[in-house]
Enquirer: 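What follows is a single structure, and I will ask about it in a moment.
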Amino acid sequence: MSKTNGEKRIRVALLGCGVVGSAVARMLIESADDLRSRIGAPVELVGIAVRRLAKDRTDLPVPADLFTTDAAELVTRADIVVEVIGGIEPARSLLLSAMKHGASVVTANKALLAEDGPTLYAAADAAGVDLYFEAAVAGAIPILRPMRESLAGDDVRKVLGIVNGTTNFVLDKMDTTGAGFEETVAQAQALGYAEADPTADVEGFDAAAKAALLASLAFHTRVTGADVFREGISDVTAADIAAAKAMDCVVKLLAICERTTGADGIEGVSVRVHPAMIPRTHPLASVRDAYNAVFVEARAAGQLMFYGRGAGGDPTASAVLGDLVAIARHQVAGGRGPGESAYADLPILDVGQSLTRYHLSLDVEDRPGVLAQVAQAFADTDVSIETVRQHIRTNAGTGAKRANLVIVTHTATEAALAATVDALSETDCVAEVVSVMRVEGA
Ligand SMILES: NC(=O)c1ccc[n+]([C@@H]2O[C@H](COP(=O)([O-])OP(=O)(O)OC[C@H]3O[C@@H](n4cnc5c(N)ncnc54)[C@H](O)[C@@H]3O)[C@@H](O)[C@H]2O)c1
Ligand SMILES: N[C@@H](CCO)C(=O)O
Ligand code: NA
């Protein structure tokens, strides 16, 4: 902290002035009086690092001379550095330099934290400063601080969530309006939900980074984005959405983090992100639009649910400002927030050991013995069938008949199901395994 006219003030440097950064700048300026009262000292925005000075930012209530392209210099003269640039570099170097110069850090950068969080925690420890990142997971929803603080005395067993607004928006629109995939992704981008490169959202990288952060905090174990089994939604078709509807289900991109015992008897952490069918009666099915929701199951607390806006400038800025106030209070009153907690150091379980139910759609011949052959492929690979439905289709030209078989399994391991799919592909009456989707929450 520095002093002006004998009054302590907290100098804030903002790195990045995009969707989130501009909302943070606006809130810092417009709520200055309230923030001062809540913190016990005034907060002064001392600079905003941008890539181009020439851009028109006259809509922001910020003096033009606060903008700079020299982020490296800016981080050396702040008490709190807020990073909303995104990406690995230069964000990481800037944050490490900020901490070295004594600043605490607020970041919304899940990609960086999921790749190299321990380096940032170590730098925060070495400098005796705070590292807060509530905005990095599920935007406005308070979920990381509840995990780091409120649940610190409990034993978290499972975290199940919808943590990507863009994909939820896309899947919801596909379900309710029948709109196409590309069209809804473009809409999500225009609304400020999607990342600059929507691949990160659509292919599940964004959700995987968030799952890694949630699992690390929940299970006191280092989990990186690369440890997370990941499938995105780009292969989800209108037929999958219709198949889910026929089962009274919806398709959601889920992040699933579990502390569980694998088939080999070893306790570990299972973290996966993939699309799954969930029953329409499940609370997560009613998470619409770009909203996010996270379920937490803890031994003593039981089930908890966190719900709200997971993306967008203002909601994300709300989480950033919350962190900023927490840190500023520490700077006024002394003390630090929690650092890294990775003492449990549990192994990351292979995805092959995770258990779920599956929905399979098969294109098969329509002749005697087909069902028996298909059932044999399941029996041989130790996967138990729960239901089978068959629809006969007649080719209008040739009159030839084919069947579409829809099979839902009982709970099976991912490894066993993969073996079933291999066996089906080698069964001569099966023309194609059209789709395989996991079924959760039933
Ligand atoms: N948009 C959201 O809903 C949301 C929600 C939660 C977290 N986040 C995270 O917040 C961060 C920012 O996201 P965003 O949506 O505001 O992105 P954005 O692309 O709108 O903004 C990033 C800004 O940083 C600027 N920038 C890039 N490199 C820079 C540099 N070296 N110096 C100065 N400025 C630089 C870019 O020009 C851009 O204006 C990301 O880490 C993102 O994952 C975003
Ligand atoms: N692109 C992200 C922003 C929030 O991290 C989403 O769609 O949820
Ligand atoms: Na959050």
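Counting starts at 1 for both ligands and their atoms, following the listed order.
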Enquirer: Does atom 19 (O) of ligand 1 have a protein heavy-atom neighbour under 4.0 Å away?
Expert: no
Enquirer: Looking only at protein heavy atoms, which one is nearest to atom 7 (O) of ligand 2, and what is the separation?
Expert: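 Minimum-distance protein heavy atom for atom 7 (O) of ligand 2 reads T166 OG1, 2.6 Å.
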Enquirer: Of all the atoms in ligand 2, which lie at a distance below 4.0 Å from a heavy atom belonging to G165?
Expert: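 Close to G165: 6 (C), 7 (O), 8 (O).
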Enquirer: For ligand 1, is L15 a contact, meaning one of its heavy atoms is under 4.0 Å away?
Expert: no
Enquirer: Which atoms of ligand 2 are found less than 4.0 Å from any heavy atom of N164?
Expert: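 Contacts of ligand 2 toward N164, numbered from 1: 2 (C), 6 (C), 7 (O), 8 (O).
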Enquirer: In the protein, what heavy atom is nearest to atom 28 (N) of ligand 1, and what distance, to one decimal place, separates them?
Expert: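 Looking only at protein heavy atoms, the one closest to atom 28 (N) of ligand 1 is I85 CG2, 3.3 Å.
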Enquirer: Would you please classify the geometry between the H282 ring and the F295 ring as parallel, tilted or perpendicular, with 30° and 60° separating the classes?
Expert: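 Because their plane-to-plane angle is over 60°, the rings of F295 and H282 count as perpendicular.
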Enquirer: Distance under 4.0 Å to a non-hydrogen atom of A49: what atoms of ligand 1 satisfy this?
Expert: 33 (C), 34 (N)
Enquirer: Heavy-atom contacts with A311 under 4.0 Å: which atoms of ligand 2 show up? List them by number with element.
Expert: 3 (C), 4 (C), 6 (C), 8 (O)
Enquirer: Which bit of T167 gets closer than 4.0 Å to ligand 2, counting heavy atoms only: side chain, backbone, both or neither?
Expert: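 No part of T167 is near ligand 2 at this cut-off.
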Enquirer: Quick one: which ligand 1 atoms are inside 4.0 Å of a heavy atom on A311?
Expert: 3 (O)
Enquirer: Of all the atoms in ligand 2, which lie at a distance below 4.0 Å from a heavy atom belonging to G310?
Expert: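 Here the atoms of ligand 2 in question are 4 (C).
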Enquirer: Short list, please: which atoms of ligand 2 are under 4.0 Å from a heavy atom of D206?
Expert: 2 (C), 5 (O)
Enquirer: Show which atoms of ligand 2 fall inside a sub-4.0 Å distance from at least one heavy-atom site of K110.
Expert: 3 (C), 4 (C), 5 (O)
Enquirer: Near D201, which atoms of ligand 2 are under 4.0 Å from a heavy atom of that residue?
Expert: 1 (N), 2 (C), 6 (C), 7 (O)
